[in-house]
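These notes concern the structure reproduced below.
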Amino acid sequence: MLIAGNWKMFKGPEEARRFCLELRDVELPLDVDVVVCPPFVSLESAVQVLAGTEIGVFAQNCHWEREGAFTGEVSAAMLRELGVYGTIVGHSERRQFFGETDETVARRTAAALEAGLQVIACVGETEAERDAGETESVLRRQLSVLEADDNLVIAYEPVWAIGTGRTATPELAHEAHEIVKSVLDVPVLYGGSVKPENARGLLARTVVDGALVGGASLELDSFEAICRAASPS
Ligand code: PEP
């Protein structure tokens with residue numbers, strides 16, 4: 001089971017440092033892998049505070065080139081140098097607001113894996129696509145550019161459930177995860193308004209291998225509660 005906290009554009013270096021100091025002192029279940037994904041500027045303080053713990057630090061994106069004239073981008077090699085363990089790619093907010101495409105997601109994923117990072121690659125349909133009965137074809141298209149890898153995890157994140165308070169039912173998540181797993185044999189996280197109250201039901205599904213958590217990962221209590229819900233023990 002993997003629980004990843006996506007902080008999005010929250011928590012600068014000082015706030016990240018304080019949060020990680022508190023997180024370090026929490027007794028998290030041993031059978032749950034826990035990672036936090038701070039903004040780029042806060043990665044270093046998170047890595048420093050969490051060094052020597054089992055809690056991993058992931059970035060929220062990474063470029064496919066090692067270096068070059070790509071203003072505003074950060075490479076996998078740079079993340080590795082910082083002690084970052086992995087990265088999210090293809091989050092729907094990047095697809096929606098920053099022109100991320102299936103092709104750029106594929107390039108970012110391949111480069112990050114090649115550089116030795118773990119990757120959480122995000123897929124998911126919009127509300128309009130679901131209403132039009134296109135969920136399966138959208139997922140298949142988004143996944144068609146990716147290849148299974150020991151260090152690759154997919155996050156199924158229905159766009160209509162992200163940051164909206166609307167969560168997929170466990171049944172609906174189950175269906176979507178089965179589609180993902182029929183294309184790529186890798187662990188699949190659910191993401192979309194996961195909260196302490198709904199985490200157990202979602203994570204109890206055999207095809208749900210963890211969660212990518214946005215809003216509820218920003219507060220220690222709710223993040224800890226979700227990590228606990230991920231542990232059957
Ligand atoms: C996310 O950022 O990946 C996410 C799922 O956000 P939230 O939990 O806030 O819906």
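Both backbone and side-chain heavy atoms feed into the values below; hydrogens, waters and symmetry mates do not. Indexing begins at 1, ligand by ligand and atom by atom, following the structure's order.
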Q: Enumerate the atoms of ligand 1 whose separation from the nearest heavy atom of S193 is less than 4.0 angstrom.
A: 7 (P), 8 (O), 10 (O)
(Q) Using a 4.0 Å cutoff against the non-hydrogen atoms of I162, which atoms of ligand 1 qualify? (A) 4 (C), 6 (O), 10 (O)
**Q.** Test item, H91 contacting ligand 1 (heavy atom, 4.0 angstrom)
**A.** yes
Q | Contact check, A161 vs ligand 1, heavy-atom distance below 4.0 Å | A | yes
Q) Which residue, E114, E103, E73, forms the salt bridge (Lys or Arg N to Asp or Glu O under 4.0 Å) with R108? A) E73
(Q) Looking only at protein heavy atoms, which one is nearest to atom 9 (O) of ligand 1, and what is the separation? (A) G215 N, 2.8 Å
Q) Where's the contact between L212 and ligand 1, heavy-atom distance under 4.0 Å: side chain, backbone, both or neither? A) both
Q.
Using a 3.5 Å cut-off on N or O atoms only, is N6 in polar contact with ligand 1?
A. yes
Q: May I ask which of G163, G214, G124, G192 has a heavy atom nearer to atom 8 (O) of ligand 1 than the others do?
A: G214
Q | Closest to atom 6 (O) of ligand 1 among E157, Q60, K8, R166 (heavy-atom distance) | A | K8
(Q) Minimum heavy-atom separation for I55 and V35, please, with both atom names. (A) CG2-CA, 4.5 Å
**Q.** Closest approach of L79 to L117 (non-hydrogen atoms, all atoms of both residues)
**A.** CD1-CD1, 4.1 Å
Q. Do the ring planes of F19 and W7 sit parallel (below 30°), tilted (30 to 60°) or perpendicular (above 60°)?
A. perpendicular
(Q) Quick check on side chain to side chain contact (heavy atoms under 4.5 Å, CB included): which of I3, V26, L23 does E224 satisfy it with? (A) V26
Q. Does K195 have any side-chain hydrogen bond (donor to acceptor under 3.5 Å, both in side chains) partners at least two apart in sequence or in another chain, and if so, which?
A. none
(Q) Main chain of L172, side chain of E175: is a donor-acceptor contact present, judged purely on distance under 3.5 Å? (A) no
